[in-house]
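Letters A, B, ... are given to chains in the order of the sequence lines, protein chains preceding strands, and every chain is numbered from 1. Side chains included, hydrogens not; waters and symmetry mates left out as well; all remaining heavy atoms used.
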Amino acid sequence: MSATAPSESIHRDPWAPPRQWVARELSVRLAHRGLTLDPAAIEGELASPPEGMGDLALPLFRWAKQAKTDPNTLATALAEGFPLGEYLAGVEASRGFLNFRLQPEWLAAATLRSVLVLAQEYGRSPPNQRRVCVEHTSTNPTGLLHVGRSRNGIVGDTYVRALRAAGYDVTAQFYVDDIGRQAATLVWIWSKPIDQWPEEVRSRAGLSAGAVAPEGMKSDAWLGKPYPGASELVAQDAAAAQEVSQLVARFERGEIPADEYRRVPREVLEGTKATLARVGIRFDEFVWESEFVLDGSVSKVLELFAASPHARREEGGALAVDASGWDLPKKEAVILLTRSDGSSLYVVRDVAYHLQKLARFERVIDVLGEDHKLHFRTLSALLEMAGVARKPELFTYSFVSLPEGKMSTRAGRVVTLDDLLEEAHVRALEEVRKRRPDLDAAEAERIAESVGTGAVRYHLLAIQPDKPITFRWEEALSFEGRSAPFVQYAHARAASLLRRAQESNPAELAHALAERPGLFPLPGTMEDRELALLKTLSRFPSLVARVAETGAVHLLALYPHEVAERLNEYYQAVRVLGGEPNWLPFRLALIAAARQVLRNSLELIAIEPLDRM
RNA sequence: GCGCCGGUGGCUCAGCUUGGAUAGAGCAGCGGCUUCCUAAGCCGCCUGUCGUGGGUUCAAAUCCCACCCGGCGCGCCA
């Protein structure tokens, strides 16, 4: 059978047809040897062999045992006369494995067609109509966002993008805790003029009586100034704490209009939103925690639990439930729901919030710091106790600390995202000026912003969420190696090359990217680097699907880096423009495809694919 | 003390979900590459008891157990 005529159909995942075909053929051949196996099961066993040993590998140890033979004999027997068909260039047995080599030209054609025809859709799945809510970031509106908290946003936003790419209908939510102790403390201190603040709060904030926000200062930076002092005061001073409680109580009773109470948190939130937007993070909905108190749903939840057989009263009058039968550590078997004064605790309001989410969405995902793991289990137990069959899903990440220790606003040991982004911008601008003195100021600024914010986002994303990060300035601001600028640079090179092709010979470029990209059959054998790049490009769709399924969002940062590596190596080794004329169409198509995949993968991590830098 | 999560070259990390063939990158170090598509690049060299010890298996960085180290948590905070 000729293997030179590539299939004309377009596949979202170029690997799907050969995998399925190989699995089917194997199923038939294994059946001849008394092994009845579903093709899907065989496909699940197909793995990647080591470099240079082919493209698909099937370990035969387990099945050889079942067939009472040794793996190598089985592999050799299967390799014997295995049909190559449209997809394969070779099949060989090796040490108990059966290795399949894909027909390079088939893989090249299939990949180029998929990438160039599907374009921005390459890697994405069609809509599946499933409604998902991803709640992330949800920082207390008490001041500036620090780098640790921003990990939540970066990881969460990437997960949102991955789920969307996988076809989900995703709503990204930010839960605004305006009524908890922390936000209430800030509302309380700003409810008085500065000259009425306790002296220690005022001096700690560095504000004198009658101070006003300096021109251009972000609202979260300004309004957050008294927070460390005020929160310390409230922790130590019973009278101050009492004032905060009363403020909350009055708000809950409707004696303070929501608009008025929320003024400070809302303005802080505006600052937070601006910072998050700078790293590409946007939300569909902001849900105010106090809403669940004001609309009565918290009361309903409390009534429900109070009436349940698990309810109990603590000394002092607080309401709790006995959750001994639920999967919780022993000490948490009793879950406290209210304070002694009857006011609701966070977890109760969270129950109300989740009841609403579960009613609206098919899947509910919470992106939380690892310190919330136990809270989440408590919440899940309460939801179950409340008779809810479905459960929210938890996505956690570990903390970001500083070399000196844990970040602490109170100890002044904290790096804010604003400061980090500013420093990144400044350093990036320096680099741009150095490397491209020819660019005008506006473009240099624009590139610096993109490179700087990209580097920061990339740095915090590229590590498996479960791992703790020790933040170091030099690493966060690295513009080479495993970093966003490395990827952006590869993209800029590809864009530049295509720009030149467009300028010098637009007809040839259009021809190369026509409906049969690269104009197969090829004039000869591809370079190794061409095939390596193509193989990397072909893996993108299955990667996106895997990330959406597992939440391994760091792989989405690692992948474009791998594409950039392959592209840079190729670019260095093979001359495209002015090289071998017969190869020009294919190579232009390959560069265009690499650029497209870089764009698509960078889009998923909200890093701008620069055309020049 | 109990629970959850991490521990892979000097440093920072992939790989662990679903065990598979010589454990991959980046940074740092050393040595090369620019009359030619952007050198934020490329090529080469150097660096590993995969925390420790047991177990399961034809096969363990990957699964199980114990221990060590680090992070996080363990009711009137969120």
Let me know the distance between OH of Tyr489(A) and C1' of rU38(B), rounded to the nearest Å. 4 Å

Would you tell me if any nitrogen or oxygen in the side chain of Ser496(A) comes within less than 4.0 Å of OP1 or OP2 on rU38(B)? yes

Looking just at side-chain N and O atoms, do Thr137(A) and Arg149(A) make a donor-acceptor pair shorter than 3.5 Å? no

Base contacts versus sugar-phosphate-only contacts with protein, heavy atoms under 4.0 Å: please encode nucleotides 4-9 of chain B as B, S and - from 5' to 3'. SSSS--

Can you tell whether the side chains of Glu431(A) and Arg435(A) come within less than 4.0 Å, N to carboxylate O? yes

Over all strands shown, is Val347(A) touching base, sugar-phosphate only, or nothing at heavy-atom distances under 4.0 angstrom? nothing

Give me the distance, rounded to whole Å, that separates rG1(B) from rU49(B) when you measure between the C1' atoms they each carry. 32 Å

Give me the distance, rounded to whole Å, that separates rG51(B) from rC13(B) when you measure between the P atoms they each carry. 14 Å

Just to be sure I understand the rule, does Asp611(A) reach a base, reach only the sugar-phosphate, or reach nothing, if contact means heavy atoms closer than 4.0 Å? base

Using a strict cut-off of less than 4.0 Å between a Lys/Arg side-chain nitrogen and an Asp/Glu carboxylate oxygen, indicate whether Glu43(A) and Arg19(A) qualify as a salt bridge. yes

Hey, are Arg262(A) and Asp178(A) close enough for a salt bridge, meaning a charged N less than 4.0 Å from a carboxylate O? yes

Closest nucleotide of RNA chain B for Arg499(A) versus for Gly316(A): which of these residues is on the 5' side? Arg499(A)

Once you apply a heavy-atom cut-off of 4.0 Å, does Ala57(A) come out as touching a base, just sugar-phosphate, or nothing? base

Measuring only the C1' atom in each nucleotide, how far is rC11(B) from rU17(B)? A whole number of Å is fine. 28 Å

Is rG70(B) syn or anti, taking syn as a glycosidic angle within 90° of 0? anti

Any side-chain N or O of Arg472(A) under 4.0 Å from OP1/OP2 of rC11(B)? no

Ignoring hydrogens and angles, state whether a donor on the side chain of Tyr353(A) or Gln173(A) is under 3.5 Å from an acceptor on the partner side chain. yes

Would you say CD of Glu549(A) has more than 12 non-hydrogen atoms from neighbouring residues, nucleotides or ligands within 6.0 angstrom? no

May I ask you to verify whether the side chain of Ser340(A) and the base of rC76(B) hold a donor-acceptor pair under 3.5 Å? yes

What's Asn99(A) touching, base or sugar-phosphate or nothing? Going by heavy atoms closer than 4.0 Å. base

Base, sugar-phosphate, or nothing: which does Ser94(A) touch, judged by heavy atoms less than 4.0 Å apart? base

If you look at every strand shown and take non-hydrogen atoms under 4.0 Å, does Arg482(A) touch a base, only sugar-phosphate, or nothing? sugar-phosphate

Does rC37(B) have OP1 or OP2 sitting under 4.0 Å from an N or O in the side chain of Arg500(A)? no

Please determine if Glu45(A) and Arg62(A) form a salt bridge, counting it only when a charged side-chain N lies under 4.0 Å from a carboxylate O. yes

Quiz question: going by heavy-atom distance under 3.5 Å, is there a donor-acceptor pair between the base of rA40(B) and the side chain of Asn568(A)? no

What does Glu315(A) touch in the nucleic acid at a heavy-atom separation under 4.0 angstrom: a base, only the sugar-phosphate, or nothing? base

Looking at Arg529(A), I'd like to know whether one of its side-chain N or O atoms comes within less than 4.0 Å of OP1 or OP2 on rC43(B). yes

So with a 6.0 Å cut-off around CG of Asp466(A), is the heavy-atom count from everything else above 12? yes

Presence of Arg493(A) side-chain N/O under 4.0 Å of rA39(B) phosphate oxygens OP1/OP2: yes

On RNA chain B, check which nucleotide each of His554(A) and Val574(A) is closest to and give me the residue with the more 5' one. His554(A)

In terms of side-chain geometry, is the basic nitrogen of Arg436(A) or Asp438(A) positioned less than 4.0 Å from the acidic oxygen of its partner? yes

Check every strand shown and say whether Gly180(A) touches a base, only sugar-phosphate, or nothing at a heavy-atom separation below 4.0 Å. sugar-phosphate

Among rC72(B), rC77(B), rA40(B), the one nearest any side-chain atom of Arg339(A) is rC77(B)

Main chain of Arg446(A), side chain of Ser450(A): is a donor-acceptor contact present, judged purely on distance under 3.5 Å? no

Can you tell me if Phe61(A) is stacked onto the base of rG20(B), using a 5.5 Å centroid cut-off and an angle below 30°? yes

Which part of the nucleic acid, if any, lies within contact of Glu562(A), taking any heavy atom under 4.0 Å across all strands shown: a base, the sugar-phosphate backbone alone, or nothing? nothing

Base, sugar-phosphate, or nothing for Phe97(A), non-hydrogen atoms under 4.0 angstrom? base

The side chain of Tyr571(A) is closest to which nucleotide in this list: rA40(B), rG73(B), rC37(B)? rC37(B)

Pro49(A) near the nucleic acid: base, sugar-phosphate alone, or nothing, with a heavy-atom cut-off under 4.0 Å? base

Under a cut-off of 3.5 Å for both distances of each Watson-Crick or G-U pair, what dot-bracket string does RNA chain B give, using [ ] for crossing pairs and | for inter-strand pairs? (((((((..((((......[...)))).(((((.......))))).....(((((..]....))))))))))))....

Check the phosphate of rU17(B) against Arg546(A), side-chain N and O only, distance under 4.0 Å to OP1 or OP2. Yes or no? no

Distance in angstrom units between Ile463(A) CD1 and rC11(B) C1', rounded: 12 Å

Counting only side-chain nitrogens and oxygens, does Arg95(A) get under 4.0 Å of the OP1 or OP2 atom of rU22(B)? yes

Answer yes or no: are there more than 12 heavy-atom neighbours, outside Glu51(A) itself, under 6.0 Å from its atom CD? no

Please measure how far the C1' atom in rA21(B) lies from the corresponding atom in rC67(B), and state the result in whole Å. 32 Å

Please determine if Asp55(A) and Lys535(A) form a salt bridge, counting it only when a charged side-chain N lies under 4.0 Å from a carboxylate O. yes

With heavy atoms under 4.0 Å as the rule, sort Leu498(A) into base, sugar-phosphate or nothing. nothing

Taking the same atom, C1', in rC69(B) and in rU52(B), what whole-Å distance lies between them? 11 Å

For Arg312(A), report the nucleic acid contact type (base, sugar-phosphate, nothing); a contact means any heavy atom under 4.0 Å. nothing

Roughly how many Å apart are rC46(B) and rG24(B), using the P atom of each and rounding to a whole number? 14 Å

